[in-house]
Structures are given as structure tokens and as C-alpha cells.
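The structure appears right after this line, and notes come after that.
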Amino acid sequence: MDKTYQPNAIEQQWYQTWEENGYFKPSGDTEADPYCIMIPPPNVTGSLHMGHGFQESIMDALIRYHRMLGDNTLWQVGTDHAGIATQMVVERLLGAEGVSRHDLGRDKFIEKVWEWKRESGGTITRQLRRLGASPDWSRERFTMDDGFYQAVQEVFIRLYEDGLIYRGKRLVNWDPKLHTAISDLEVLNEEEQGHLWHFRYPLSDGSGHLVVATTRPETMLGDTAVAVHPEDERYRHLIGKTIRLPLAERDIPIIGDDYVDREFGTGCVKITPAHDFNDYEMGQRHNLELINILDADANLNDAVPEKYLGMERFAARKQVVDDLDALGLLEKIEPHTLKVPRGDRSGVVIEPWLTDQWYVKTQPLAEDAIKAVEDGQVNFVPKSYENMYFSWMRDIQDWCISRQLWWGHRIPAWYDDAGNVYVGRSEKEIREKHSLDDDLSLRQDDDVLDTWFSSGLWTFGTLGWPEETPELKAFHPSSVLVTGFDIIFFWVARMMMLTLYFKKEVPFHTVYVHGLVRDNHGQKMSKSKGNVIDPIDLIDGIDLESLVKKRTTGLMRPKDAPKIEKQTRKDFPEGFAPFGTDALRYTYYSLAATGRDIKFDVGRIEGFRNFCNKIWNASRYVLQNCDGQDCAQDGSEDFELSLADRWIISQLQKTEKAVREAMDSYRFDLASQALYDFIWQEYCSWYLELSKPVLWDDSASAAVKKGTRRTLIRVLETTLRLAHPLMPFITEEIWQRVKTLARKSGDTIMLQPYPAPNEHKIDTDAEAAVAWLKEVIEGVRNIRGEMNISPAKKIPLLLRGGSDTDRQLLEQTRNLLTKLASLESITCLKQGEPAPASATALAGDLELLVPMAGLIDVEAESARLKKEIDKLEKELVRVQVKLSNPKFVDKAPAEVVAKEKDKLTEMQSAQMRLKQQLQALDNL
RNA sequence: AGACCCGUAGCUCAGUUGGUUAGAGCGCUGCCUUGACAUGGCAGAGGUCAGCGGUUCAAGUCCGCUCGGGUCUACCA
């Protein structure tokens, strides 16, 4: 083995082996428990970001864990066709050649999209492989696959037939750039600086005017009322009168509605029902006319005076203001901060716009979806996210599912010239069903379905539904959904509704909600902020110049480049070293606590790369000492387990238990911590050191040496299996080298059984003995460290006081103690025997004395003792106060009181000994 | 405006139903190339657990308020 761990030398090769050998497929063992995770399908246009890396790493850990537990395990993988995003990507590519999608026509364009998908749609799945993800690639699905397409059509038709889908003219969020409706969730409301314009609206009878305030002057051309609060003393007498709307020269009514906030602005509101959601509601209440003044580009249409016809909306705004000003009707302009709705893909201001769209009636679906969570059929982890789910579900709006795009699931609805709608699987089916004449012309709806409509069917659509496939039977409902909280509304809610309706069962039993990965400053990672980290760069490494270049090219605002460059150079002066996949994954796990934000500190990944190196080198040591040697793996019993052997075996059982518990409760941070401590602290720092005096001692018995080798190799092999779900590559690489010595057969660690703790191997005697040994060694090391005695210098140790147990333990561990504390000799002082001037440490009642002759500075030692005495004093006072409080003694449980009393006597005795030592030093 | 989350060492974070002297990693200080590992070893410094009040024999942990930070939902025309 190389002296240092080189991740790039092992990772890709193992991945290929695993995939080629089909290790990722379900075992197919129908006796075993099924375990199934459906990947939240990444956007086919996407490339892997830190959030994906985090999420996929978690899923892979769960999958590998359950596969090793022997479950029939399926990780279903696939991608999402991402209607808008994909269409935009392909349009941009065509645009570079000067071709628009309209030049091509719908069919040709869709062909182009498929072409793009075949060539470039695999980026993210290739990157997933770099992470070591182990989904069943042979079952990979795409939301536009034929089978899936059928399922989507089927769902639409059945919902329509059941009266849960309808078509209606409503206000939708219209993206004037992309020319499609988008959902509320795709609209970002950000605060922006704007103005509040106050206009005078003259009363029709010439008796005066009202002042209305607006942030969108151009919409006044579509006003159909002015509203005031019905109890507003200032205006209530005007209700029922009319306003002569300037510019448009129409008469519109003044209405009373308690939606109006008397305190805001002037207390008079212009009402534009066709261009504002609230005004629309009010229009419905008061039967107001809807005047649509915008076309699909958000330019003014022919419903406005000719002067404004065809004007762009912001130009029209300026014109309207100027014209009203010229008429003397502009009262004032105030600066005003308002939330501006923008499309999350296009970035342009979204218009509420009146269109015909398809809707899902969500309320009946939501009821069952709420009940499933209330009844505990679906559990959220952490539980607090259930509130978020409930609050969304209980206030759910009908879901607009049509999109004015070409790329997507085309809506299976046809129209005749009379405007009748027919929904069915094909034109042919519709003609038959409705006995339509062949010469009656039908045209299919041009729109496609919201991408989330299809991803809502993901859990069962990927398993072959509507056919009752064996996979559907075995793996649905899936076991757990792993997702970010930002997607609960988008996706979780929709899967719940659609799956419950069509499968009559929940889509998954558990929803594990993880936090969002942010940068080390807590900022969301985004291209425009220039703080994105590509997980692949952490795996392979990247130099600073390439990183700067990557972050500063293709910016939406190129002027940000210098700032981004400066910050990048400051944060990562060396770029990234190649840390490898296992270190990256381990970092993710260590951060996977229950919080909402996961601040990714690159500093941590280096620590875990070092951890990998530690495992690597510990394995080298084990192999050096075991290779070609008898490790008692042939069933022989002529070996003897030492105290240290029994101790590490005992600790291993506890670690196995802790790791399993953590994995079962989705606490990957705790699992990674437990493993890290065991491997580094206990196995490497202590056990390997304890094995050296045995293996290198010529006088040690063959049986004990054999027992030590047996323990070295067995504990290592078990630990590798325990760690495999978290760090698949390094564990496989090392396992292949130790498996023969450990008498394991099998081609891969992936399919080995997961370690299970054995209570009979918990050895409290050995634990107590090693705890004692550690305490004594640490006492001596403390003196050595504080007194700056070279580790190479062998020193004598005198022991005073202590119990028979101490003396027994000493004899059991004398050899280990001598080696590990680097001692020249160990001498027990007899009762009353005078000790030379010494530095002191305590191990319980036992005094550890290191004679000072030439080694130790008296002043430094007395300072050290004083510090120790003071520390004890503080705690002593605390405990004394506690014990002298009768309430505590009376009310606290007896064992708590006893514990405090023991503590007190122990500390008093310790302090007394230290004081005596201090006295002795002072007497010198 | 409503709801939720967070505030623990210089930094990033653990701390299960209240009960040893509040832990880890990174960083920092000192010593050390000792036969797995300097991507290392040993030792050490560093915390009024945001603040105030309450419940309790006992609060980082439970309750209330304040301050600070964040997220989501709704929204003021």
C-alpha cells in the first residue's frame, strides 16, 4: 500500500466494477424486507450542485446501509423533463444559430429537444456516479419516457372524468417573456424601490374628485371601479356615484368594500379586476366588468385609447403619468417600497393575466393528504415540518396545470369548432366515444402540463403503473423520501395528493427533510453571488485561477466579477486540494444535523480527508503485522485475548450500536461522529499502540500474539463494513486487501452483512482496566508535557497509596504502561516510605510521582499544582453548597445525592494530596 | 402582519425524557520526524451556553419576555 491515501487512484475503478457487476440492483429476495427510495428527479438540464451532493450522499448511505442489512433494496433513479428550463436551453442554442422555435415548428422543435437530451442530458447522472451513488441504473427513468407519458395521460383523463380537472378563465401568473402561465411557487416576490402615484379621479357629476394611489399607473386604463371602505366617514356618501375615468373617458362606479384599508394612501383604491388578484376578487363580489388591456407580451392591446395601443407596459406607465400630469390630475409621487413579482426563470415582472387554463380541484385531494399525515401513515423527520405541510395543505388553491410550452406532456384534450371540449386517450378514441363524424374537425389543445404534475406520479409511475407490475407490488409505497424543505409544497404535497387518489396508498412512509447547503458565510449559493462550489471540484481538486475563472464567467451582471474574484481569492487562496469522494461524503454526513441551514465550511473536508488517510495508514499497520501470519481465522482456538483485545472488541460493540441507532433515526452527524471517534481515538490512538508492546515483545507468548493479530484484523474488517455506507470507496479498497486474512469471502464489501453488536462481547472488566491504564498514562504524559520532558526521555515512576485493585491492575498492565508512558521503571512505595521530590498526578486514590532530579522545574511544578488545586476548590465549593442545602438532600433522588457525596470525598482527598505535594515542594 | 427556526469555544457545529467538572472538528500555543500515518503524535489555552425573569432540590435543556440573525406564508392599492 502507498504511504498516503490517494483517492483518485481507487474511486472510479471501484465504481465501474460495482456498476458492471450489477451490485446496485435489488436482490429480488422476496422473503426479505423491501426498502425503496425514489430519487427526487433532478432537472435534466441540471448539473450537480452542493445541494444535490448532500442529498444524494444521504440517500446513498441509507441505500447501502439497508442493502447490507439484507433488505431487498431499490434506489429508483431518473430525471425530470423540466418543461420551461429545458425549452429555454434548447431555444438558446437555436438562437445562437439564428433560429427560433417558431421557425422550426412544434414537431421539429421537440425533435431538437430530444436530440439535446440524448447528447447533453446526462451530465447530472454522470456526476452522480462520481459521488459513489448506487441507484439501479438499469431502471433509470425520464418523465417523458413512453411508459411514463402514458401514466401521465391516464391520470389527466381519469381526473377529468372524475370531475377533478376543469378548464376555466382565471387570472394566472403570466410570464410575458416565456409566454406561459407559471405557478405561485415559481414567482419570487422581492422588495424593490418603486413609487406611489396619487391621481385625482374626477366625479362624473363634476362635484369634485377622489384621490387614488397606485404603484402601477398604466393599469388605470383598465379600471372598472373605485373602492372605499363602507364606513369611511370621508367617502361613504359617494358610494353609488360614478367617476369619470380620465384618459379612457369611461364612467366607473364608486363601490364600498371593507377590503379597503382606510389608513393606507388616501383610503380610495382604483380597481382593475383583470390585472390584479385582489381586484379580481372584488370584481367578482361586485359584478364588475373585466377589461383586459394587455396582450401576451404585456404590451397594451386595443382595449385602450389608440394613443396607447401597442405600447410596452413600462413605456405606457410613463406616458399615462405624463398625460395625467398634463391634465393637472397628478397630485403627488411618493417613493415606495413594494414587492415585485418576478418569474424565477425569466426574471421579468409577472403579470396577473386573464387566460383559459386547466385546473386541478385540489381541495378533495388535499383532505386525504392531510389525513394521511395526521394518522401517522406518513411521518416527517424532523417532525416540525408537519406544520409547514399542514398550513400549506389547509390553505391550498386550485392548481393551474397548463403551461403554454411545447416541451412537456401535451394535454389530451381536443376542441371542435363550436368550442366543445373532448378529453381522451387519442383523437380516434374520442371520435368513437362521442360518435363524432369524420368530417368534424378536431384540434388538440396546444398546451402541456406543469412538470410537477408528472413528477407527482413519480413513486408509482416509475414502477410501471398503470400496470400492476411486480416492482410496483414489491416497492410501493416507498420507504423514505429524502428532500429539502423548500420542495415540500412543490413536490411532496403533489405526490401525496395524486398517489393517494390513484394508488389509494401513500407514496412513502417517511419524509426526511434536510437543510439547505449554504456557503461558509451562511449565504445561499448562487451563480450571481459567485459563491457556488462544484462538488466535483472538491473531489478532484481545482487550482485558484481555474476556480476564479469558473466563478466569474457567464455572470448575469459582469460588473460583479471583481468582487467575486476578490472574495474567492480571500476564501480559498490555495484553491481546493483533491479531497476525494469519501471525504466529501463524510463532510456532508457530519453536517447533517437537524437544522435548516447547512453552512459548508471547506475547512472541515480537509479534516475528513485526513481521517481517510488515518484509516489507510492504520490498515497498513495491520497488514504489515498480519500479512503472512496466523491470525486465528481458521477456527483454531490456541490464542489468547489480552485485556486490550477484549477492550477494543467491547468498544466496537458499543460503536456498532450507536451507528445503527443513528442511521435508523437519520442522524448521520451522530453516526459519522461515533465512527470517527472509534476509529481515530480508540482503535488508532489506543488499541494500535497497545498492540505494539505485545507484537514487538519477544517474550510475549505466541497465543497472546495470535490473539492480538486476530483482533487487529477482525476489528478492522468489521469497522470497514460499519463505515462502508458513509465512505464506500476507501472501505472497499481496503476490504479487498484484508478480506482473505479475515477469512471473508465475497466479491464486494457492498453486499456483506452489516455489523450487529453482540452484547456478550461487552466486557466491563476490560473496560475498567483500560480506563485505569489510560488515566495513569495520561497522568504521566501530562507531567511530561507540562514540564517539557522529551518523549524520548525514559523516566522513572513511583506509585504511592491506592488500593489493592490499583496494584492488581498495575501487574496486569505493567508492560503496556512502561511502553506507552515511556517509563524507565515503576516502583510502588511502601507505607511511610519517604519519596524524593517529585512532580505529581493523581489517578483516583493512586498518586503518581515522577522524581524531579534534573528533570523538573520546581516553580513550574508548584504553579501546575496550584492551578489544579484551585480548579478543584471551585468545584468543591459548588458541591458543598449543594450538599448543605437541606432541600437538595431531601428532595433529590437518593442516588443523585450519594453521587454528589462521593464526588465530594473524592475531590477532598485529591485536593489534600495535591496540597501535601505542594507543601513538600515548598520545603525544598 | 402571521407562523416557524436559530443564537453553546476565534470559526463550523453536537449536547436524546432536566442530574459527573458542557463536548468534537478546524484554528491557536508548546514540545516531538518514536519502527502505520507530519494528511502525524503528545500536552495545553480558550465558554457568565445571547440577555432578563420564572418553574424546580437542580436549567444549555422546560415556560415567558427582550435583543439579535434567518426562513416561509400573506400583503398595503
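Just so we're on the same page: letters track the sequence lines, and every chain starts at 1.
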Tell me which nucleotide among B/rC11, B/rC57, B/rU39 gets nearest to the side chain of A/Asp601.
B/rC11
Counting side-chain heavy atoms from CB outward, which of B/rG25, B/rU12, B/rU39 is closest to A/Tyr676?
B/rG25
Sticking with atom [atom1], work out how far [N] lies from [M], rounded to a whole angstrom.
N      : M      : atom1 : result
B/rG7  : B/rU16 : P     : 12 Å
B/rC65 : B/rC26 : P     : 41 Å
B/rG44 : B/rU39 : C1'   : 23 Å
B/rC52 : B/rC5  : P     : 23 Å
B/rU66 : B/rA45 : C1'   : 34 Å
B/rC72 : B/rA9  : P     : 27 Å
B/rA14 : B/rA50 : P     : 14 Å
B/rU33 : B/rG40 : C1'   : 9 Å

With respect to the phosphate group of [N], does any side-chain polar atom (N or O) of [X] fall under 4.0 Å of OP1 or OP2?
X        : N      : value
A/Lys887 : B/rC57 : no
A/Lys793 : B/rC31 : no
A/Lys899 : B/rU20 : no
A/Lys882 : B/rG19 : no

Determine whether any donor atom in the side chain of A/Glu689 lies under 3.5 Å from an acceptor atom in the base of B/rA36, or the reverse, and answer yes or no.
yes
What orientation do A/Tyr676 and A/Trp680 show, parallel under 30°, tilted 30 to 60°, or perpendicular over 60°?
tilted
Quick one: ring pair (Phe, Tyr, Trp, His ring centres under 6.0 Å) partners of [X], sequence neighbours excluded?
X        : answer
A/His198 : none
A/Phe579 : none
A/Trp686 : none
A/Phe572 : A/Phe576

Judged by nearest nucleotide, the residue sitting upstream toward the 5' end of RNA chain B, A/Gly603 or A/Asn788, is A/Gly603
Heavy-atom nearest nucleotide on RNA chain B for A/Lys891 versus A/Phe600: which residue maps closer to 5'?
A/Phe600
Lys/Arg-Asp/Glu bridge criterion (N-O < 4.0 Å) met for A/Glu606, A/Arg609
yes
Any salt bridge between A/Glu895 and A/Lys899, counting N to O under 4.0 Å?
no
Could you tell me the separation between the [atom1] atom of [X] and the [atom2] atom of [N], rounded to a whole number of Å?
X        : N      : atom1 : atom2 : answer
A/Arg604 : B/rG27 : CZ    : P     : 12 Å
A/Phe668 : B/rG25 : CZ    : P     : 23 Å
A/Trp616 : B/rA36 : CH2   : C1'   : 12 Å
A/Leu675 : B/rA24 : CG    : C1'   : 15 Å
A/Glu606 : B/rU39 : CD    : C1'   : 7 Å
A/Arg667 : B/rA14 : CZ    : P     : 7 Å
A/Lys599 : B/rC6  : NZ    : P     : 14 Å
A/Asp677 : B/rG23 : CG    : P     : 13 Å

Remember a base hit wins even if backbone is also touched, and classify [X] as base, sugar-phosphate or nothing at under 4.0 Å, heavy atoms.
X        : value
A/Pro893 : base
A/Leu516 : nothing
A/Ala892 : base
A/Cys612 : nothing

May I have all residue pairs that pass side chain to side chain donor-acceptor pair (under 3.5 Å) and include part of residues 614-624 of chain A, sequence neighbours excluded?
A/Asn613-A/Asn617, A/Asn617-A/Arg620, A/Tyr621-A/Ser691
Any side chain to side chain donor-acceptor pair (under 3.5 Å) involving residues 875-887 of chain A? Give me the pairs, sequence neighbours left out, ordered by first then second residue.
A/Glu875-A/Arg878
Would A/Tyr586 and A/Phe608 count as a close aromatic pair, with their ring centres under 6.0 Å?
yes
Do we count A/Trp696 as stacking onto B/rG35 if the rule is ring centres under 5.5 Å and planes under 30°?
yes
To the nearest 0.5 Å, what is the distance between CZ (A/Phe199) and OG1 (A/Thr214)?
7.0 Å
Contacts of type salt bridge (Lys or Arg N to Asp or Glu O under 4.0 Å), residue [X], not counting sequence neighbours:
X        : result
A/Glu218 : A/Arg216, A/Arg317
A/Glu186 : A/Arg403
A/Lys692 : A/Glu689

Taking protein heavy atoms under 4.0 Å as touching, what does nucleotides 40-45 of chain B look like 5' to 3' if B marks base contact, S marks sugar-phosphate-only contact and - marks none?
SSSSSS
How does protein reach along nucleotides 67-77 of chain B, written 5' to 3' as B (base within reach of a heavy atom under 4.0 Å), S (only sugar-phosphate), or - (no contact)?
----B--BBSB
Convert the base pairs of RNA chain B into dot-bracket notation, remembering that pairs crossing earlier ones are written with [ ] and that bases paired across to another strand are shown as |; include only Watson-Crick or G-U pairs under 3.5 Å.
(((((((..((((.....[...)))).(((((.......))))).....(((((..]....))))))))))))....
